[in-house]
Amino acid sequence: MKRQLIVPAIAALMLAACSGDAPDTPTPQDPVQPYADDVDITPPVEADPDMDDSESYTETMDRDQMVTSGPNVVDTLAADPRLSTLYGAVEAAGLDETLATGGPYTVFAPTNEAFDALPEGQLEDYLRPEKVDRLVRMLEYHIVDGDLRASNVPAEEDGVPTPSLNGLDLSLRDMGGGELMINQASILESDIEGGNGVVHVIDSVLVPRESE
């Protein structure tokens, strides 16, 4: 009887000793935690129920246009301190958006000194709100549709007219020896890049005739 009790007791002691030395192992039910890089913590983007597909597409197009539009001739005018009077006149006439988004355009840009040389009171008269149509007409006389570089200016003897944006022709000509003129104004600096066109700085304001 004693032999039968001793054998199970010895077996129990051996099992207890072995279990004390063995490392803990996870049971099949224990969840395995992923690394932080494996966890997607980005919240889902919820669609706006009040916006249809066409509105979403339009907003995307607007953003793309803003990114890819880049600099333009208005930016060029704004960045040049010699042309601050012209830039202010372009804004007053509401032509800044047209020149920033269309094109290509060639702008013959009078300097501040050129505007100062106008007859007394003429610039102020152009800038009066009720005379905005007259201001637009004057400014459009300084703009040509297309990208016109100095190398493309016709020779004086060719007598080729250059149509302005307001419909009146300009007399743009190469006088030879590097001298370029438009009407009675001299081109002081040519081919200034404008993104959607080019700017030529001139020394006089081009005043169109009042009637065609």
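Start at 1 with the first residue, then count along the sequence.
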Asks: Could you walk me through whether Arg134 and Tyr126 pass the side-chain contact (heavy atoms from CB on, under 4.5 Å) test, one step at a time?
Replies: CA-CA 7 Å; Arg134 188 164 175 255; Tyr126 274 128; 3.9 Å; yes
Asks: Identify whether Val205 and Leu139 are in the same connected component of the hydrophobic contact network (ILVMFWY, side-chain heavy atoms under 4.5 Å).
Replies: yes
Asks: For the side chain of Asn196 and the backbone of Tyr105, is there at least one donor-acceptor N/O pair under 3.5 Å apart?
Replies: no
Asks: May I ask you to decide if Ala185's main-chain N or O and Asp203's side chain share a donor-acceptor pair within less than 3.5 Å?
Replies: no
Asks: Using side-chain contact (heavy atoms from CB on, under 4.5 Å), reason through Asn72 and Thr76 one step at a time and then give a plain yes or no.
Replies: CA-CA 7 Å; Asn72 52 68; Thr76 301; over 6 Å; no
Asks: So which atom in Leu83 and which in Thr111 form the shortest heavy-atom distance, rounded to 0.1 Å?
Replies: CD2-CA, 4.1 Å
Asks: Would Ile143 and Leu206 show up in the same hydrophobic cluster when neighbours are defined by side-chain heavy atoms closer than 4.5 Å?
Replies: no
Asks: Please say yes or no: joined through hydrophobic side-chain contacts below 4.5 Å, possibly via intermediate residues, are Leu188 and Val144 part of one cluster?
Replies: no
Asks: The criterion is side-chain contact (heavy atoms from CB on, under 4.5 Å); which residues satisfy it with Asp116, sequence neighbours excluded?
Replies: none
Asks: If I take atom OG from residue Ser204 and atom CD from residue Gln184, how far apart are they, to the nearest 0.5 angstrom?
Replies: 8.5 Å
Asks: So Met181 and Val153, side-chain contact (heavy atoms from CB on, under 4.5 Å) or not? Walk me through it.
Replies: CA-CA 9 Å; Met181 294 193 70; Val153 174; over 6 Å; no
Asks: Once side chain to side chain donor-acceptor pair (under 3.5 Å) is applied, what residue pairs with a partner in residues 80-91 remain, sequence neighbours excluded?
Replies: Asp80-Arg82, Arg82-Glu189, Ser84-Asn112, Thr85-Asn112, Tyr87-Glu91
Asks: Indicate yes or no for a side-chain donor-acceptor contact from Arg209 to the backbone of Leu168 under 3.5 Å, with no hydrogens or angles considered.
Replies: no
Asks: Out of curiosity, His142 NE2 to Leu95 CG, how far, rounded to the nearest 0.5 Å?
Replies: 12.0 Å
Asks: May I ask you to decide whether Asp133 forms a salt bridge with Lys131, counting only side-chain N to carboxylate O separations under 4.0 Å?
Replies: no
Asks: Please walk me through it: do Leu86 and Phe115 pass side-chain contact (heavy atoms from CB on, under 4.5 Å)?
Replies: CA-CA 8 Å; Leu86 175 61; Phe115 279 102; 3.9 Å; yes
Asks: If you group Ile, Leu, Val, Met, Phe, Trp and Tyr by side-chain heavy-atom gaps below 4.5 Å, do Val90 and Leu118 land in one group?
Replies: yes
Asks: With a 3.5 Å distance limit and no angle check, can you tell me whether Asp191 reaches the backbone of Arg149 through a side-chain donor-acceptor pair?
Replies: no
Asks: Give the cluster check for Leu170 versus Val136: same hydrophobic cluster or not, with ILVMFWY residues linked at side-chain heavy-atom distances below 4.5 Å.
Replies: no
Asks: Quick one: CD on Glu140 to CG on Leu165, what's the gap to the nearest 0.5 Å?
Replies: 4.5 Å
Asks: Could you work out, with salt bridge (Lys or Arg N to Asp or Glu O under 4.0 Å) as the rule, every residue matching Asp169, not counting sequence neighbours?
Replies: none
Asks: Considering residues at least two apart in sequence or located in another chain, which fulfil the ring-ring contact (aromatic ring centres under 6.0 Å, His included) criterion with Phe108?
Replies: His200
Asks: Can you tell me how far OG1 of Thr98 sits from CG of Asp96, rounded to the nearest 0.5 angstrom?
Replies: 8.0 Å
Asks: Would you compute the distance between atom CG of Asn183 and atom CG of Leu172 and round it to the nearest 0.5 angstrom?
Replies: 9.0 Å
Asks: Could you name each residue pair satisfying side chain to side chain donor-acceptor pair (under 3.5 Å) that touches residues 150-159, not counting sequence neighbours?
Replies: none
Asks: Please check: side-chain N/O of Arg173 versus main-chain N/O of Ser171, any donor-acceptor pairing under 3.5 Å?
Replies: yes
Asks: Of all heavy-atom pairs between Ala109 and Val199, which one has the smallest distance, and what is that distance?
Replies: CB-CG1, 3.8 Å
Asks: Can you list everything that forms a side-chain hydrogen bond (donor to acceptor under 3.5 Å, both in side chains) with Glu130? Sequence neighbours excluded, please.
Replies: Arg128
Asks: Any idea which heavy atoms bring Asn166 and Pro208 closest together, and the distance?
Replies: ND2-CB, 4.1 Å
Asks: Quick check: do Ile192 and Val198 have side-chain heavy atoms less than 4.5 Å from each other?
Replies: no
